[in-house]
Amino acid sequence: MKHSNIPVIAIDGPAASGKGTIAGRVAKALGFHYLDSGALYRLATLAALKAGISLDDAQALEFTASRLAPVFEAGRILLDGEDVTQAIRSEAVSAATSKVAAVPGVRRALFELQRRAARAPGLVADGRDMGTVVFPEAPLKVFMTASARVRAERRYRQLLERGEKADLNMLTADLEARDRRDRERASAPLKPADDARLLDTSAMGIEEVVGKVLEWWDECR
Ligand code: DC
């Protein structure tokens, strides 16, 4: 694999560990681009659901992922001209996505799309396999964790803020099931890269976590 010289900060970790918020803030602080790789898996899943494709049909899922042409525009995500920013975050899409993301062909199909996100002056990439598979050359790899309960509570507050119904126990169980699927799948499972720095954010605030990542970035440049 040919590696570019664009600096990349890879931030991986389980669902609702706060990666998205942190990665977005770090990107803003450094003036870097931001890749939300989970959004690509969510988009592929939504496209497949809309097309009536079975989640067991690996070939059709791979084809759908390979044709994905999302447009990221001022914080909105458009798919075939439709604003799907909210739709890809629904609990139904979240649950289906961890199944779609386990399909090797889907991961292959989305690989180049992710690599192309590395543009000057730099990229902060958030996902599950940014440090292990997609950007193994990244000079800084962070593996962010938080207990399932803390993560479920964060997701619970997010859902309530959006005016959606939520049940904390169900969210915790759902997160644990999704983590298990992400960790146990054969293709690019969720795990820290050998050279990743571990960060447990259970008892940390957002600013503190952002500060830590920026401090690590200063150290490794
Ligand atoms: O980060 P997220 O919750 O938006 O991710 C949605 C799903 O996609 C989740 O089940 C894990 C999967 N995913 C993945 O397998 N690899 C990535 N790089 C990013 C997300």
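Positions are given from 1, in the same order as the sequence printed here. Both ligands and their constituent atoms are indexed starting at 1 by order of listing.
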Going by the atom numbers of ligand 1, which of them fall below 4.0 Å from some non-hydrogen atom of T97?
-> 6 (C), 7 (C), 8 (O)
Identify the protein heavy atom lying closest to atom 19 (C) of ligand 1, giving its residue, its atom name and the separation to 0.1 Å.
-> S37 OG, 3.4 Å
Between R115 and E137, is a salt bridge (Lys or Arg N to Asp or Glu O under 4.0 Å) present by the stated rule, with each step listed?
-> CA-CA 12 Å; R115 290 288 308 177; E137 77 281 18; 3.0 Å; yes
Below 4.0 angstrom from a heavy atom of A101, which ligand 1 atoms are there? Numbered from 1 as shown, please.
-> 12 (C), 15 (O)
Are the charged groups of K212 and E215 less than 4.0 angstrom apart, N to O?
-> yes
Between R107 and Y41, is any side-chain donor less than 3.5 angstrom from a side-chain acceptor?
-> yes
Test: E62 and R67 ion pair at under 4.0 Å | no
Geometric N/O contact R185 with ligand 1, under 3.5 angstrom | yes
The one among G38, G13, A102, A44 that brings a heavy atom closest to atom 20 (C) of ligand 1 = G38
Determine, for K191 against E184, whether the closest basic-nitrogen to carboxylate-oxygen distance falls under 4.0 angstrom.
-> no
Decide whether an N or O pair under 3.5 Å exists between D129 and ligand 1.
-> yes
So between R178, R128, K99, K19, whose heavy atom ends up nearest atom 9 (C) of ligand 1?
-> R128
Counting from 1, what ligand 1 atoms have a heavy atom of M130 closer than 4.0 Å?
-> 18 (N)
Any salt bridge between D182 and R178, counting N to O under 4.0 Å?
-> no
If we ignore angles and hydrogens, is there a donor and acceptor under 3.5 Å between the side chains of Y34 and D126?
-> yes
Ionic contact status for K141 with D12, cut-off 4.0 Å | no
To atom 10 (O) of ligand 1, the nearest of S98, A15, A95 on a heavy-atom basis is S98
Per-atom contacts, ligand 1 versus D182 - under 4.0 Å to a heavy atom | 9 (C), 10 (O), 11 (C)
Which residue and non-hydrogen atom of the protein lie closest to atom 16 (N) of ligand 1, and at what distance in Å?
-> R107 NH2, 2.9 Å
Report the nearest protein non-hydrogen atom to atom 3 (O) of ligand 1: residue, atom name, distance rounded to 0.1 Å.
-> R42 NH2, 3.0 Å
Salt-bridge test for R89 and D36: reply yes if a basic N is under 4.0 Å from a carboxylate O, no otherwise.
-> yes
Please state whether R181 comes within less than 4.0 angstrom of ligand 1, counting heavy atoms only.
-> no
